[in-house]
Amino acid sequence: MTTTAQTMTAVALDGLCDGFADSTHQAQQVFRRVLAAMAEPGTVHSLEPGNAPAPLSSAAYQICLALLDQETPLWLQPELASAAVVNSLRFHCGCGIAHRLDKAAFALITANGDCSLAAFNQGTFEYPDRSATVIVEVRGLDAERGENCGEERSELVLEGPGIRQQRRVRIDGFDAGWMQRLADNHALFPCGVDLILTCGNQLMALPRTTRATLIGQEH
Amino acid sequence: MSTQLANSIDAGGYNFAYLDEQTKRMIRRGLLKAVAIPGYQVPFGGREMPLPYGWGTGGMQVTATVIGQDDTLKVIDQGADDTTNAVSIRRFFARTAGVKTTELTTEASVIQTRHRIPETPLQAGQILVYQVPIPDPLRFIEPREVETRTMHALQEYGVMHVKLYEDIARHGHIATTYAYPVKVNDHYVMDPSPIPKFDNPKMDDSPALQLFGAGREKRIYAVPPFTRVRSLDFEDHPFEIQRWDESCEFCGATESFLDEVITNDQGGRIYVCSDTDYCRQRQHTTPKKQEAYP
Ligand SMILES: [Zn+2]
């Protein structure tokens, strides 16, 4: 275990971003919103606005601050692995950076990367809880009946636990390739990863139990 | 020491809601996985609560992990808010977390329970935390964890049906009345904790989030809102809940779970709602069946 002083000399402080001012209560509040999101897939939850190390969204950063520590290796897509991000998460969470996708407990990726979900730890049939949680930075999130949607916004129909019948969402950046990844991941149940989508200070979860269909492409 | 670890110890020398932040993070990560795999038992580690097992330490660990300053907590034991256990747990969280407490089901954001689900229908946004003594419904049949994990993974639940069918052979009906096993999201068979089977149908398609904590075995599991929860049964012996010919002595309820109370040496007995808040609400809104029992 390193002391704060050792950590400060060991890492460059380039772009070091503030952590939670009140970690006990802020971590609890962030966790509750992530829990509500995971319990009701497709619902959009807002966190308090806050600073984040570029290029991370505030939501992704706060989720990391709330849930990561020295027991949760994190894998970062290279585009997100700025010195500011790495230094801030190492300093505040004490988490290690995983160099292999399958060794990560958490991963931070972007929707436009070509990262395969199957490369992450899927859990085992006996211990499906050991699978990774993947935080995906997307360009936009809308709950049902979001109005000003652009052409490229995919409208999805979601079904599964936590959803009364069906829920419609718009996720900016989820293309046909993502629909296939979601379907493949869902088919692995009880194994498979769980997704937390982030944009600005908003988040939405798509656990492995959620079935997603692109509108206009049902069946 | 990371800054998060340093900040977690407050000036008063104890942690918010008793648990240290590291233990809370571990249980929080486990709870998210539990919600993502409905009915599956997630193992967890971490610090013990300052109470002996049997006092609901698993439920308290879950409550301590989810609760925040904006929450209003209700605690029930066998349906009652005023038992020693319920009062102790409520005071514990009022003192260590400074949360508001209530006896009203409709006012609570978090409800910790032992042996009952409130009669008043739960609402979206509410969290029900169950205290669980033995989390694995297969434990009575197969004591080895490595075996039961495989059985759950492969959905080898034939033995559960055999156990229930033995009841039918012996008693002519399924004699299991508490901790009656359920199947969640058409996959995992789950112990609903020792609630009466009367309460099982309330778990199905509930708008509330249901979390389960077993302290001794260190397991948590969950049922998300709007999730299918079916009690195991047979085509020729469908699942049925308890019914009473009597009604509540105090509020006249015929649809609630009734406790039998012996009133004198001559074998006199009355029936009263086990859910004290529900009974009290009904006494305020409906005329009494007769003179309240002296
Ligand atoms: Zn009554």
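Residue numbers begin at 1 in each chain, while the letters A, B, ... track the order of the sequences. Only this structure's heavy atoms are used, side chains among them; waters, hydrogens and symmetry mates stay out. Everything quoted here is computed from the prediction, not taken from an experiment.
Heavy atoms of B/H187 lying under 4.5 Å from chain A belong exclusively to its side chain. Neither the backbone nor the side chain of A/T210 has a heavy atom closer than 4.5 Å to any heavy atom of chain B. Residue B/D71 touches chain A through its side chain alone, counting heavy-atom pairs closer than 4.5 Å. Heavy-atom distances place the backbone of A/I163, and not its side chain, under 4.5 Å from chain B. With a 4.5 Å cut-off on non-hydrogen atoms, B/V229 does not touch chain A at all. Both the backbone and the side chain of A/Y127 come within less than 4.5 Å of a heavy atom in chain B. Heavy atoms of A/A37 lying under 4.5 Å from chain B are absent altogether. Interface remark: A/T124 contributes no atoms to any contact with chain B (heavy atom separation under 4.5 Å).
Side-chain atoms of A/T209 and B/T227, non-hydrogen and from C-beta on, never get closer than 4.5 Å to each other.
When every heavy atom of B/I67 is checked against every heavy atom of A/R32, the shortest pair comes out as CA-NH1, 4.0 Å. Heavy-atom minimum distance, B/K24 versus A/T24: NZ-CG2, 4.1 Å. Scanning both residues, B/Y40 and A/E126, for their nearest heavy atoms gives OH-O, 3.4 Å. Annotation for B/A36 and A/F189: closest pair O-CE1, 4.1 Å, computed over non-hydrogen atoms. The two atoms that bring A/D129 and B/P43 nearest to each other are OD2-CD, 3.7 Å, heavy atoms only. Pairing each heavy atom of A/A132 with each of B/K33, the nearest pair is O-NZ, 3.1 Å.
In this structure, B/T65 OG1 and A/L35 CG are separated by 11.0 Å, a value rounded to the nearest 0.5 Å. Taken to the nearest 0.5 Å, the CD atom of A/E40 stands 5.5 Å off from the CZ atom of B/F226. Here the CD-CG distance, from A/Q29 to B/D70, works out to 6.0 Å after rounding to the nearest 0.5 Å.
Side chains of B/Q69 and A/Q28: a donor-acceptor N/O pair is absent below 3.5 angstrom, by distance only.
Counting heavy atoms of neighbouring residues, nucleotides and ligands inside a 6.0 Å radius, atom CZ of B/R139 exceeds 12 of them. At most 12 heavy atoms of other shown residues, nucleotides or ligands fall within 6.0 angstrom of atom CG in A/N51.
Just one of A/P161, A/P190, A/P207 meets the side chain to side chain contact (heavy atoms under 4.5 Å, CB included) condition when paired with B/P38; it is A/P161.
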Exercise. Give the C-alpha distance, both sets of side-chain angles, the deciding distance and a yes or no for side-chain contact (heavy atoms from CB on, under 4.5 Å) between B/L32 and A/F31.
Key: CA-CA 9 Å; B/L32 293 175; A/F31 163 70; 4.1 Å; yes

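We find that B/R29 and A/D69 are joined by a salt bridge, their nearest charged nitrogen and carboxylate oxygen being less than 4.0 Å apart.
The choice from A/A27, A/A36, A/G123, A/S131 that makes the most heavy-atom pairs within less than 4.5 Å of chain B is A/S131.
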